[in-house]
Amino acid sequence: MQNFEFCNPTKIVFGRGTESRVGAEAAAYSKRILLHFGGGSVRASGLLDRVKAALGAAGVAWVELGGVKPNPRLSLVHEGVRLCKKENFGLVLAVGGGSVIDSAKAIAMGAVVDHDVWDFYLGRGAPTAALPIGVVLTIPAAGSEASDGSVITNEKGALKRPASSDAIYPRFSILNPQLCFTLPPFQMACGAMDIMAHLMERYFTNVPNVRFTDRLIEATMKTIIAEAPKLQKNPKDYDAWAEFMWAGTIAHNNLLNTGRIGDWASHDIEHEISGLYDVAHGAGLAVVFPAWMKHVLSHDLDRFAQWAARVWNVELDVFDREATAREGVARMEAFHQSLGLATTLSGLGVGRDRIDEMADKCTDGDARAVGNFVKLDRAGVAAVLRLAA
Ligand code: NZQ
Ligand code: ZN
């Protein structure tokens with residue numbers, strides 16, 4: 001196990017009806033806030049009205065900025081930054097999923113600097129400060145409610161890029177599983193896939209002797225595998241959402257990568273797909289991950305066989321660890337299909353014609369490799385995408 005520091009400062013307020021606490025939580029930071037949300041779901045569900053009522057009761061004034069799209073766009077971030085600078089807000093409150101939260105984080109970083117916040121997403125300079133961020137989460141998936149990351153798409157060049165900083169851990173996140181009852185089955189499936197991906201990115205490591213976090217990651221994966229089918233049958237199953245939602249936060253709040261180094265190539269590759277084709281992040285991952293696994297399997301058959309046996313209940317064949325590993329990948333693909341997710345690029349509506357372009361963008365023209373478990377250059381990324389086709 002490697003040396004590590006772990007400090008996740010996000011306060012989690014979890015359970016039924018907890019969105020009523022948002023006024024008091026927000027007021028602890030500011031009485032003037034930016035209220036940020038997405039398309040229509042928070043209006044249709046009545047959540048936005050409840051949030052406003054709670055803010056009003058706590059004496060918090062707000063200005064609304066809605067309209068965040070999945071794969072959140074830089075242009076709206078710029079609008080939010082302008083508003084924050086003009087109005088001097090003391091908190092950005094995100095009511096929604098990963099896209100709204102990531103947009104709020106970008107606004108919060110941009111509001112305290114005098115250059116374009118996109119610089120941070122290009123790796124120019126490290127963000128050291130941001131306005132405080134609060135969250136009312138409506139979809140367990142991205143884990144952004146307790147992560148130090150934000151992923152934004154610049155419409156110019158269809159570039160989807162991540163930035164991270166300790167400054168953008170949300171100060172508080174309100175998680176009420178009841179808010180997930182209105183999620184369409186496709187979004188639940190995408191959420192399950194993203195959570196699984198955050199766990200697998202961490203699981204496939206070259207760091208030896210990480211047995212404790214292996215077990216934590218396996219338990220979190222098994223939770224998603226067990227709860228997602230229940231939610232397919234009954235989208236209003238509070239207990240299943242509660243397990244799923246908390247697992248989604250733990251999967252990505254950096255606890256599970258303590259002492260180990262994750263891979264993250266599949267995320268980098270997927271960001272090229274959703275940047276160019278505007279597909280849902282989880283749907284893209286359902287296609288990329290099995291292909292990545294087939295490409296890198298031989299790198300550490302013991303680890304893959306362990307994963308197959310412990311997570312997918314494959315009988316471990318000690319004389320043929322590759323067969324065990326491949327059966328694990330097959331069971332994972334069957335799980336994706338059972339959730340209604342495509343497992344090929346063509347199933348996503350993505351052709352082979354732009355594979356080289358995506359590989360080129362992903363590796364900055366072959367100037368950098370992606371992944372840590374196995375480093376992939378441009379040819380490696382293209383090989384994964386061809387396996388996914
Ligand atoms: O816009 P509305 O109308 O709210 O609809 C949303 C959206 O269409 C809908 N939705 C959300 N909650 C709902 C609901 N519909 C009905 N009832 C509800 N309760 O779901 C759709 C998807 O929302 P979105 O926020 O895009 O989903 P998700 O949470 O999966 O976020 C995806 C984004 O997060 C990034 C992804 O790349 C992607 O851009 N990620 C962020 C990370 C981070 N910051 O740490 C890590 C992740 O790996 C990921 O890359
Ligand atoms: Zn993800």
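In this text, all values refer to a predicted model and were calculated from it rather than measured experimentally. Both counts, for ligands and for their atoms, begin at 1 and track the order of listing.
- A ring-centre distance under 6.0 Å is found for F204 and W307.
- A salt bridge links D214 with R303: at least one charged nitrogen is closer than 4.0 Å to a carboxylate oxygen.
- In terms of the side-chain contact (heavy atoms from CB on, under 4.5 Å) criterion, residue partners of F14 (sequence neighbours excluded) are, by chain and number, I12, L175, P177, A242, M245, W246.
- Within a 6.0 Å radius of CD in E315, no more than 12 heavy atoms belonging to other residues, nucleotides or ligands are found.
- For ligand 1, the 4.0 Å heavy-atom shell contains residues G38, G39, G40, S41, P70, N71, P72, G97, G98, S99, D102, T138, I139, A141, A142, S144, S147, G149, S150, V151, K160, L179, T182, L183, P184, Q187, D194, H198, H252, H267, H271, H281.
- Side-chain rings of H295 and W292 stay apart, their centers remaining 6.0 Å or farther from each other.
- One finds no salt bridge joining E155 and R73 here, because no Lys/Arg side-chain nitrogen approaches an Asp/Glu carboxylate oxygen to under 4.0 Å.
- Under the side chain to side chain donor-acceptor pair (under 3.5 Å) criterion, the residue pairs touching residues 229-240 are E227-K230, with sequence neighbours excluded.
- Looking at K160 and E272, no side-chain N of the basic residue comes within less than 4.0 Å of a carboxylate O on the acidic one, giving no salt bridge.
- Aromatic pair W312/F335: ring centres closer than 6.0 Å.
- Sorted by chain and number, the protein atoms of type N, O or S within less than 2.8 Å of the Zn ion (ligand 2) are D194 OD1, H198 NE2, H267 NE2, H281 NE2.
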